[in-house]
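Here is the structure we will look at.
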Amino acid sequence: MTPRYLRSRLLIRAILSFFLFLAFSTSSKATIQYAVSLAHPEQHLFHVTMTIPNVNGEVTVQMAAWNALYQIRDFSSRVRQVEAFAGSEKAPIEKVDKQTWRITGTGTLQVSYATYWDDVGPFASQLNAEHAFINPAMILLYVPERRSEEVTMSLLNPPDDWRATSASPGGSESLGVARQFYFTATSYDTLADTPIEAGKFEEFQLSAVKPEIWVVIHGGNWKRKQIEEDLKRICQYELQLMGGAPFDRYVFILHIGKGAGGGGMEHANSTAIGTYSDSSLPGVAAHEFFHLWNVKRIRPASLEPVDYTKEQYTRALWFAEGVTSTYGSYTLVRSGIWKKEQFYADLGEQISELEGRPANRWQSAEQSSLDAWLEKYPLYNQPENSVSYYTKGQVLGDLLDILIRDRTGNEKSLDDVLRAMNTDFAKQGKMYRDSLDVRLTAEKIAGGSFEEFFRKYVAGAESMPYQQILGLAGLELRSVEHRRATLGFRVERDSSGALFVRNVETDSSAAQAGLREGDVVINGNGGEVPRRLERWVREQKPGDQVKLRVRREEKEVSIEFRLGETKEMQYEVSEDAHANEKARRIREGMLRGKP
């Protein structure tokens, strides 16, 4: 330990001790408290002190092994120098396993440690000179048997011009921006589900939307008017669809621009989204906002209670995630953000992706859901080995909607299934039994059995009758040979998260530009490499420019090349000009969300 680091540690401990003294002198009841120092953000270290009251001889603390993604990521691997104190004296502490420590002591104990984070994106945490983004489960220890107790969290020592905000859980008095850098939650689990943004950011409230919805933006390359209009349309439609808001206050935390990461992560009263530009925001936002109901409140029993220590298996991600994607696309077309041709094109792309993967012949939607924990392994993600529960679930949602509309003369739909599950499960505080309760609810709405549909296409992997079911909605499906972009190489992520280049095609433009097998990709086009790289490539055009920054033999190298071209069969969805009146009504019901 260097003298400089020692001085820093002593200073931080003095500050934290003073803060904790103030907290205990003013608090009317004992709660588990977290004080997180943001001092020296350029070092990427969160310095955490956890105060645990009412300890009777011994207490166990743990660090989550997973959060935000269905991947074991062992956040404890980032933790250093765990110490325990009873007053001013050190308390005995023993590490039990990779994520668990046992502390001996009585009364009020303090646990101090540092954890390193500088990862972009909504699925990680980050501390640097520009901002702090915190997924609390990634940086905060917890007491396993006391997760239900109220907790508080304070951010200390931020740069002078920083602010902080979150969805203000647990009745916090802070509205808008939490300028006190102080957050409360009714439980550790509630805090873990409430990301925090600190730094210099823009913020505004969506007008004409109730309850209040805030938009917090870190980064550049965005237009407020467009973001506000898109988010307003999305939120207003989904709130109307589901019969009102399940929240008092909601926050969009948006990271936009180069290095912002990609994708979105849903939370009980907020979402965190990373995107290169505001043009790709609506698709992610429509999906994440609908998660307010589907998965956060309409929740499979197999995901409760949350177990942070190991994999938590469910057969229902095809519904929780895939059907949420169904409603993401419905929201975009029904709110007017998409034209109907864009909706048809998106549905055709999903079918093309499914049918282009040989694993679609044997991996069911339920099995894909169970195997979500294998997604961190590159081999599993190859077309021969897996299909996406997002993609398969989205297509199943569209087909199930058409069948319900057809059986009821367009009087009922999948909309009614989601609303019924919201009433029967979410509002009653009950969890549903994976695919079983989805099927039973659909049968109640449609007035007939869906046992065969679920047996063949949800639990089984039989070929879906696209033509037959789409025809009921006045839609046609045809296959067309298309030119599409190709990288000319594969990427493979190792256990540390590093992205390695594999199988470089010798005649590809990437190879001609100097890309080599074994290069480690640092970023692409100035930002994080898209999590679903294969899908990203499908959205590009042959000849589009790609800029990679790679690490090779301890040196960084820039590689620029153009995407190659390959031919493949793709599916296109279009309207059937000869559809009967019932089919046309069903089609309009899908597009407009009305009978």
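These numbers come from the heavy atoms of this one structure, side chains and all, not from hydrogens, waters or symmetry mates.
Note: Ile227 CD1 to Asp278 CG = 4.5 Å, rounded to the nearest 0.5 Å. The distance from the OG1 atom of Thr115 to the NE2 atom of His47 is 10.5 Å, given to the nearest 0.5 Å. Atoms CD and CG, on Glu238 and Asn294 in that order, are 10.5 Å from each other to the nearest 0.5 Å.
Side-chain contact check for Asp74 and Ser76: no donor-acceptor pair (N or O, by modelled atom type) lies under 3.5 Å. For the residue pair Lys232 / Ser207, a side-chain donor-acceptor distance below 3.5 Å is found, with atom types taken as modelled. Glu560 and Gln545 share a side-chain donor-acceptor pair at under 3.5 Å. Side chains of His287 and Glu266: no donor on one and acceptor on the other come within 3.5 Å. For the residue pair Gln570 and Glu568, a side-chain donor N or O sits within less than 3.5 Å of a side-chain acceptor on the partner. Between the side chains of Asp118 and Gln126, at least one donor N or O sits under 3.5 Å from an acceptor N or O. A donor atom on one side chain and an acceptor atom on the other are found under 3.5 Å apart for Thr275 and Ser280. Judged by distance alone, the side chains of Tyr142 and Gln62 do bring a donor and an acceptor atom under 3.5 Å apart. With no hydrogens or angles considered, a side-chain donor-acceptor pair links Asp346 and Gln350 at under 3.5 Å. Tyr308 and Gln99 are not linked by any side-chain donor-acceptor pair at a separation below 3.5 angstrom, with hydrogens and angles left out of the test.
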Worksheet entry | Stepwise salt bridge (charged side-chain N to carboxylate O under 4.0 Å, His left out) check, Asp119 with Arg78 | CA-CA 12 Å; Asp119 292 21; Arg78 298 170 176 268; 2.8 Å; yes

Item to complete: Using the ring-ring contact (aromatic ring centres under 6.0 Å, His included) rule, take His131 and Phe201 through it: C-alpha gap first, then chi angles, then the decisive distance, then the call.
Response: CA-CA 9 Å; His131 79 142; Phe201 49 77; 9.6 Å; no

Fill in: Residues Arg163, Glu203; criterion salt bridge (charged side-chain N to carboxylate O under 4.0 Å, His left out); working and verdict
CA-CA 11 Å; Arg163 298 178 293 165; Glu203 60 151 355; 3.5 Å; yes

Practice prompt. Could you go through the ring-ring contact (aromatic ring centres under 6.0 Å, His included) check for Tyr116 and His44 one step at a time?
Written response: CA-CA 6 Å; Tyr116 182 98; His44 316 301; 5.6 Å; yes

Discussion item. Determine whether Asp519 and Phe500 satisfy the following criterion, side chain to side chain contact (heavy atoms under 4.5 Å, CB included), listing intermediate values before the conclusion.
Written reply: CA-CA 6 Å; Asp519 285 346; Phe500 285 85; over 6 Å; no

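Between Phe289 and Phe247, the angle of the ring planes goes over 60°, which puts this pair in the perpendicular group of the 30/60° scheme. A perpendicular orientation is assigned to the rings of Tyr330 and Tyr327, their planes being inclined by more than 60° (bins at 30° and 60°). Below 30°, between 30° and 60°, or above 60°: for Trp373 and Tyr70 the angle between ring planes is above 60°, a perpendicular geometry. Ring pair Trp293/Phe290 is tilted by interplanar angle, where 30° to 60° counts as tilted.
Of the possible donor and acceptor atoms, none in the side chain of Thr486 sits under 3.5 Å from a partner among the backbone N and O of Gly564. Judged by distance alone, the side chain of Asn135 and the main-chain N or O of Ala124 form a donor-acceptor pair under 3.5 Å. No donor-acceptor distance shorter than 3.5 angstrom exists from the side chain of Glu228 to the backbone of Lys225, with no hydrogens or angles considered. Looking at Asp544, its side chain does come within 3.5 Å of a backbone N or O of Lys541 through a donor-acceptor pair. No donor-acceptor pair under 3.5 Å is formed between the side chain of Arg483 and the backbone N or O of Glu565.
Taking every heavy atom of both residues into account, Thr391 and Leu354 meet most closely at CG2-CG, 3.8 Å. Pairing each heavy atom of Ala286 with each of Gly328, the nearest pair is CB-O, 3.7 Å. Considering all non-hydrogen atoms of both residues, Glu355 and Tyr466 come closest at OE2-OH, 2.7 Å. Nearest heavy atoms, Arg562 versus Gly543: NH1-O, 2.9 Å. The minimum heavy-atom distance between Tyr389 and Ser368, with the atom names listed, is N-OG, 3.1 Å.
If you look at Trp162 and Phe181, their ring centroids are not closer than 6.0 Å.
Within 6.0 Å of CD on Glu553 lie no more than 12 heavy atoms contributed by other residues, nucleotides or ligands.
Contact check for Leu155 versus Met153: side-chain heavy atoms found under the 4.5 Å cut-off.
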